[in-house]
Q: 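Sharing a structure with you now.
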Number of protein chains: 2
Amino acid sequence: MYTINEVAVICDLSVHTLRYYDKEGLLPFISRNKSGNREFTEQSLGLIKIICCLKNTGMPIKHIKQYVDLCMVGETKVDDRKKMLVEHRREVAKQMDEMRKNLNIIDLKIALYEKGDQHEFAHHLEPARSE
Amino acid sequence: MYTINEVAVICDLSVHTLRYYDKEGLLPFISRNKSGNREFTEQSLGLIKIICCLKNTGMPIKHIKQYVDLCMVGETKVDDRKKMLVEHRREVAKQMDEMRKNLNIIDLKIALYEKGDQHEFAHHLEPARSE
DNA sequence: ATATCAATTAGAGTTAGATCGAAGTCAAGT
DNA sequence: ACTTGACTTCGATCTAACTCTAATTGATAT
């Protein structure tokens, strides 16, 4: 059993954020002890890690909630869960591709600077027959 | 010469966004025609593409502004510009690495679902001696 | 010249995702 | 009993990056 503070450290989230996630319905699986404090099991930690993983790859909180809800209803929805992940996987792959392209452009630009080739303004601001 | 609408289409940005960028000082290089409308040159387009590239890789508007400002003062700041890009490049590489790791976790999870191995709640919610 | 369309501005509003503050509860230690 | 400190809630606030509104001006077509 872990307290909210321990989970915050383990998962690199703030306590605020964890409570916020709970409020948003992302953590329906945690229970409370007799004084009303949240108790996190090993199993919770596992799912929270998945949640972070989805969040860090840009899945919106609302979709994450959908996924978690599917996790809570039991085996019946395994196909749906898998479908969500596969779809998200595709999304992430697309993002990475975009990223790669942009990285290439940045690299190209750096290479130009390396060549002393600036391609910018100011240094050839001859008005070029301003109309 | 391009109008704001044409640029919006070419760069896949809304007209609103372009004006917002201008207001934020990201487009100090564009001029106005006699009726006060923005005029975009071929050269502007080039820099706007770089701006988008930086934005799409997560550089905040404020940093982009710094970069653009360096572009405007001429050759003197080529080193600084390059430094900014190199630094950002590193940042982006880090992001991609994170992304890759998360993608792996997602793939793992998908594989588990494929094996019919769910690892979630509900289906073994025997109270496990609740305390 | 009048209707329509495209562009302008300043500034308000929106969204997502936190992040914080105030006020209060609870349990352990001295 | 009292302080300490971790926890609670609710609601306000914050930031980034738009997104929209309203009122207006200017250019184009009939």
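Every chain is numbered from 1, with letters handed out A, B, ... down the list of sequences.
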Q: Is Glu6(B) reaching over with its side chain to a backbone N or O of Thr3(B), donor-acceptor style, under 3.5 angstrom?
A: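 Pair found, side chain donor or acceptor close to backbone of Thr3(B).
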Q: Keeping the roles fixed (side chain from Asn56(B), backbone from Cys52(B)), state whether a donor-acceptor pair exists under 3.5 Å.
A: yes
Q: If you check the Thr17(A) side chain, which of dC18(D), dT9(D), dT19(C) turns out closest?
A: dT19(C)
Q: Which part of the nucleic acid, if any, lies within reach of Arg38(A) when heavy atoms closer than 4.0 Å are counted: base, sugar-phosphate only, or nothing?
A: sugar-phosphate
Q: Please list each protein N or O that sits under 3.5 Å from an N or O in nucleotides 10-17 of chain C, with the distance.
A:
residue: dG11(C); atom: N7; partner: Lys23(B); partner atom: NZ; Å: 3.4
residue: dG17(C); atom: OP2; partner: Ile61(A); partner atom: N; Å: 3.4

Q: Charged N to carboxylate O under 4.0 angstrom, Asp80(A) versus Lys83(A)?
A: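 So Asp80(A) does not pair with Lys83(A) through a salt bridge.
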Q: Less than 4.0 angstrom between a side-chain N/O of Arg32(A) and OP1 or OP2 of dT9(D), yes or no?
A: yes
Q: Salt bridge or not between Arg19(A) and Asp22(A)? Use side-chain N to carboxylate O under 4.0 Å.
A: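 No.
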Q: Taking the nucleotide of DNA chain D with the nearest heavy atom to each, does Ser35(B) or Ile4(A) sit closer to the 5' end?
A: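 Its nearest nucleotide lies further toward 5', so the answer is Ile4(A).
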Q: Could you check whether Thr3(B) gets within reach of a base, just the sugar-phosphate, or nothing at all, counting any heavy atom under 4.0 Å?
A: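 Sugar-phosphate only.
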Q: Out of dT8(C), dT19(D), dT8(D), which has the shortest distance to the side chain of Asn37(A)?
A: dT8(D)
Q: Answer yes or no: is there an ion pair linking Asp69(B) with Lys65(B), defined by an N-O contact shorter than 4.0 Å?
A: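 Salt bridge flag = yes for Lys65(B) with Asp69(B).
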Q: I would like to know whether Ile51(A) and Leu27(A) meet side-chain contact (heavy atoms from CB on, under 4.5 Å); could you show each step before the answer?
A: CA-CA 9 Å; Ile51(A) 289 173; Leu27(A) 316 176; 3.9 Å; yes
